[in-house]
Amino acid sequence: MGRSRSSANKWKYINPSYYLKRPKRFALLFIVFVFGTFFFWDRQTLVRDHQEAISKLNEEVIRLQDLLEDLKNDRSVSGEKMNFSRSGGDVGKKIDYTEDPVDAQRREKVKDAMRHAWSSYEKYAWGHDELQPQTKNGVDSFGGLGATLIDSLDTLYIMGLDEQFQRAREVVGGLLSAYDLSGDKLFLEKAQDIADRLLPAWNTPTGIPYNIINLSHGNPHNHGWTGGHSILADSASEQLEFIALSQRTGDPKYQQKAENVILEISKTFPDDGLLPIHINLEGEVVVYSTITFGAMGDSKRCCFSFYEYLLKVWIQGNRTAAVDSYRKMWETSMKGLLSLVRRTSPSSFAYISEKVGYSFVDKMDELACFAPGMLALGSSGYGPDESQKFLSLAEELAWTCYNFYQSTPTKLAGENYVFNNGQDMTVGTSWNILRPETVESLFYLWRLTGNKTYQEWGWNIFQAFEKNSRIESGYVGLKDIDSSLQMIPVDLYKWDMCLPYYLLFNVFSIVNTGVQDNMMQSFFLAETLKYLYLLYSPPSVIPLDKWVFNTEAHPIKIVSRNDRAMSSGAGNSVGQQKSYKRPLTRREGRFGN
C-alpha cells in the first residue's frame with residue numbers, strides 16, 4: 001500500500017492539474033523549459049558554426065598545401081608555368097602565366113628609363129616639384145612640396161631601386177603606399193601630418209570640401225573660375241587615402257570626412273549616375289556644367305576619379321557588405337556611361353562622348369583612357385553576361401586608345417580627339433605630356449585576361465616615348481605629336497608687304513612640328529613608368545587581390561571592412577575593423593609569395 005502511494009506521488013508531477021493549482025511551480029517549470037530550449041538551440045548553432053569553421057579550415061589547408069607545392073617547385077619567377085587566379089577585379093577564371101625572357105628584358109628597359117628620369121631629377125631639380133629638362137632646373141608647380149620626389153617613392157621601391165629610395169626617404173616622407181610597401185613609420189607620420197593640415201577644407205555646411213587650402217595657415221577656398229563651386233573630382237576622390245589613413249592610425253576622423261562627401265552626393269544621386277564636373281558646397285550639382293569622363297577645362301583635373309573611387313573603395317574594403325553601397329553607385333554610373341558610348345565610321349572605334357545639358361559632344365580625352373582598365377577591374381562584380389559585356393567594352397575602348405597613339409607620325413597620342421562621320425578620329429589638342437592612362441588600362445587588361453597583345457601595345461608606346469621624349473637630362477613632352485611638316489595658313493593682314501610677293505612666297509608658313517616641351521611631369525615617374533614596369537612583371541608583383549591602386553597609381557593595401565559605412569556616423573567603427581597588419585617587405589622585383 002505504501003509503495004502504491006509513493007508511485008502515485010511521483011506521477012503527480014507530470015499531471016498538468018498539479019501545476020495549475022501551484023502557479024509558482026508552474027512559472028518555475030516554464031523558466032526551466034525556456035532556458036533548456038535556448039541551451040539546446042545554442043548548442044546546435046555552435047555545432048553548425050563549428051562544422052563551417054572546420055570546412056573553411058580544410059579549404060585553407062588545401063590551399064596552403066597547393067601553395068607549398070608551388071614554392072617547392074620554385075614557380076614564382078623561375079620561368080616555369082605558374083597558375084594564378086584573376087583577382088582584384090578578375091572575371092573568375094584562372095590564367096596560366098609563364099615568365100617570358102622578353103618580359104624580363106623589357107622590364108629592365110623600363111627600369112633603366114626610371115633610373116634616367118630619377119637621376120635627372122636628382123641632379124637638376126632635387127627637392128622641387130618637377131624638373132624642366134631643357135633648361136635643367138626645378139620648378140615648383142605645386143607650391144614646393146617635392147611632388148616628383150613623393151610621387152616616385154613607391155615606383156622606386158617596386159622596381160627595387162633601393163639606394164634611390166633611401167635617398168628620397170632621407171629628404172621627405174610622403175605616401176601611405178610607401179608605408180604599406182616598406183612599413184617605415186616615417187611615411188605614416190608624414191601622411192597624417194599632411195592630412196591634418198588638409199582637414200579644415202571639409203569645414204563646410206555639408207562637409208563637401210573646398211578644393212584649395214594653404215597647408216601652412218589653413219584658409220580654404222575654391223577657384224574663382226568655377227564660380228565658387230567645388231570640382232567633383234577634387235571633392236570626391238580622397239576616400240581611398242583617408243579610409244586607409246584611419247585604418248592605419250586608428251583615428252576615424254579621416255574616414256568620416258571622406259565618406260560623408262559620398263553620403264551627401266548619394267542623397268541626390270541621379271538615375272543615370274552621371275554627375276557634372278561642378279558641385280556646390282550645399283551638395284547640389286551644377287546642372288549646366290559638362291558631364292565628362294575626361295579632363296576639366298584646364299586639362300589637369302579629371303572627373304573620372306570620382307567614378308574610379310566608387311569602384312576602388314569597394315575593392316579596398318575587400319568587397320564586404322560595408323562597402324556594397326559604393327559598388328551600387330558605381331554600377332548606376334556605368335549604366336550612364338553606356339549611354340555615352342558611340343562608335344565611329346567606317347572603322348567602328350568605340351569612344352566615350354561628353355554631354356552638355358541634353359547635347360552630346362563627339363570628343364574623348366586621352367585622360368578617359370583610364371576607363372577600359374576600370375571597366376575590366378569592375379567586371380567581376382557582375383553576373384556572367386554583364387561581366388562579359390563590360391569586359392568586351394573595355395577591350396573595344398582600349399583598342400581606340402591604342403589607336404590614339406598609332407594614328408600619329410610620332411606614335412604618341414594627342415591630348416584629345418574628335419570624331420566625325422566617315423573620318424573615324426582626328427586629333428583635337430595635339431600635345432603629349434607623357435600621360436599614363438592608356439598604359440594603365442593595358443596593364444589591367446593584361447593582368448585580367450592574360451592576353452599578351454596588351455603587352456605588345458604597351459611596348460610600342462614605350463618605344464615611342466624613348467624615341468621622341470627621352471633627352472640627355474630627362475624626359476619631355478611634345479608640343480605637337482605630328483612630326484611631319486605642316487602648312488599653316490597665316491593671317492594676311494599681319495604682313496607688311498605687297499600682296500603678289502606675299503602670295504608667291506608666304507601664303508603658308510612652314511612649321512616643323514614635333515617640338516619638345518620643357519617639363520618632366522611627376523606622373524610620368526609615378527604612373528606611366530610604374531604601369532609599364534608592372535606590364536612586364538609577374539602577377540605576383542603587387543597582386544590585385546592584395547592591393548588597389550589609387551588614381552595616381554600608388555598601391556594601397558586591401559583591408560576587409562566590417563563597419564557600417566555610408567551611414568550617419570560613418571567611420572566611427574574604424575577600430576572595430578579587422579586589424580591592419582603591415583605586409584612583409586619585398587626585394588628585387590618585389591615578387592610576392
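Just the heavy atoms: all of them, side chains too, but no hydrogens, waters or symmetry mates, feed the values below. Because the structure is a prediction, the values reported are computed rather than measured. The chain is numbered in sequence order, starting from 1.
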Could you go through L529 and Y533, starting from their C-alpha distance and side-chain angles, then the distance that decides it, and tell me whether this counts as side-chain contact (heavy atoms from CB on, under 4.5 Å)?
CA-CA 6 Å; L529 292 179; Y533 181 83; over 6 Å; no
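- In this model, no donor atom of one side chain and acceptor atom of the other lie less than 3.5 Å apart for T320 and N318.
- The salt bridge (Lys or Arg N to Asp or Glu O under 4.0 Å) check on E331 picks up R327, with sequence neighbours excluded.
- For the side chain to side chain contact (heavy atoms under 4.5 Å, CB included) test, residues two or more places apart in sequence or in another chain that qualify with E386 are Y382, K389, F390.
- I352 contributes atom CD1, which lies 9.5 Å from atom CG of L338 (distance to the nearest 0.5 angstrom).
- Every residue two or more places apart in sequence or in another chain that forms a side chain to side chain contact (heavy atoms under 4.5 Å, CB included) with R342 is listed here: Y351, S353, F360, D362.
- With sequence neighbours excluded, the residues satisfying side chain to side chain contact (heavy atoms under 4.5 Å, CB included) with Q192 are D196, L245, T249, Y254.
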Any chance you could lay out the side-chain contact (heavy atoms from CB on, under 4.5 Å) test for L240 and F549, step after step, and finish with the verdict?
CA-CA 9 Å; L240 284 179; F549 289 93; over 6 Å; no
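- Evaluation of the salt bridge (Lys or Arg N to Asp or Glu O under 4.0 Å) test over residues 123-147, restricted to residues two or more places apart or in two chains, returns K136-E472.
- For E241, the side chain to side chain donor-acceptor pair (under 3.5 Å) partners at least two apart in sequence or on another chain are Y309, N550.
- A salt bridge does not link E527 with R435: every distance from a Lys NZ or Arg NE/NH1/NH2 to an Asp or Glu carboxylate oxygen is 4.0 Å or more.
- Residues forming a side chain to side chain donor-acceptor pair (under 3.5 Å) with N219 (at least two apart in sequence, or on another chain): none.
- Side-chain contact of E437 with Y531: a donor-acceptor pair under 3.5 Å is absent, judged by distance alone.
- Residues meeting the side chain to side chain contact (heavy atoms under 4.5 Å, CB included) test with V361, sequence neighbours left out: E354, V356, K363.
- In this structure, CD1 in I481 is found 12.0 Å from CH2 in W431, a value given to the nearest 0.5 Å.
- Between A526 and A553, the shortest heavy-atom distance links the atoms O-CB, 3.7 Å.
- Residues that satisfy the side chain to side chain donor-acceptor pair (under 3.5 Å) test with Y417, not counting sequence neighbours, are absent from this structure.
- Listed by chain and number, the residues in a ring-ring contact (aromatic ring centres under 6.0 Å, His included) with F465 are F524 (sequence neighbours excluded).
- No donor-acceptor pair under 3.5 Å is formed between the side chain of E415 and the backbone N or O of E366.
- Residues passing the side chain to side chain donor-acceptor pair (under 3.5 Å) test with T155, sequence neighbours excluded: K530.
- The one candidate from I279, T204, T206 that meets the side chain to side chain contact (heavy atoms under 4.5 Å, CB included) condition with E264 is T206.
- The backbone N or O of V476 lies less than 3.5 Å from a partner atom in the side chain of S469, making a donor-acceptor pair.
- For E122, the salt bridge (Lys or Arg N to Asp or Glu O under 4.0 Å) criterion is met by R167, not counting sequence neighbours.
- Remark: the backbone N or O of T438 is not paired with any side-chain donor or acceptor of S441 at under 3.5 angstrom.
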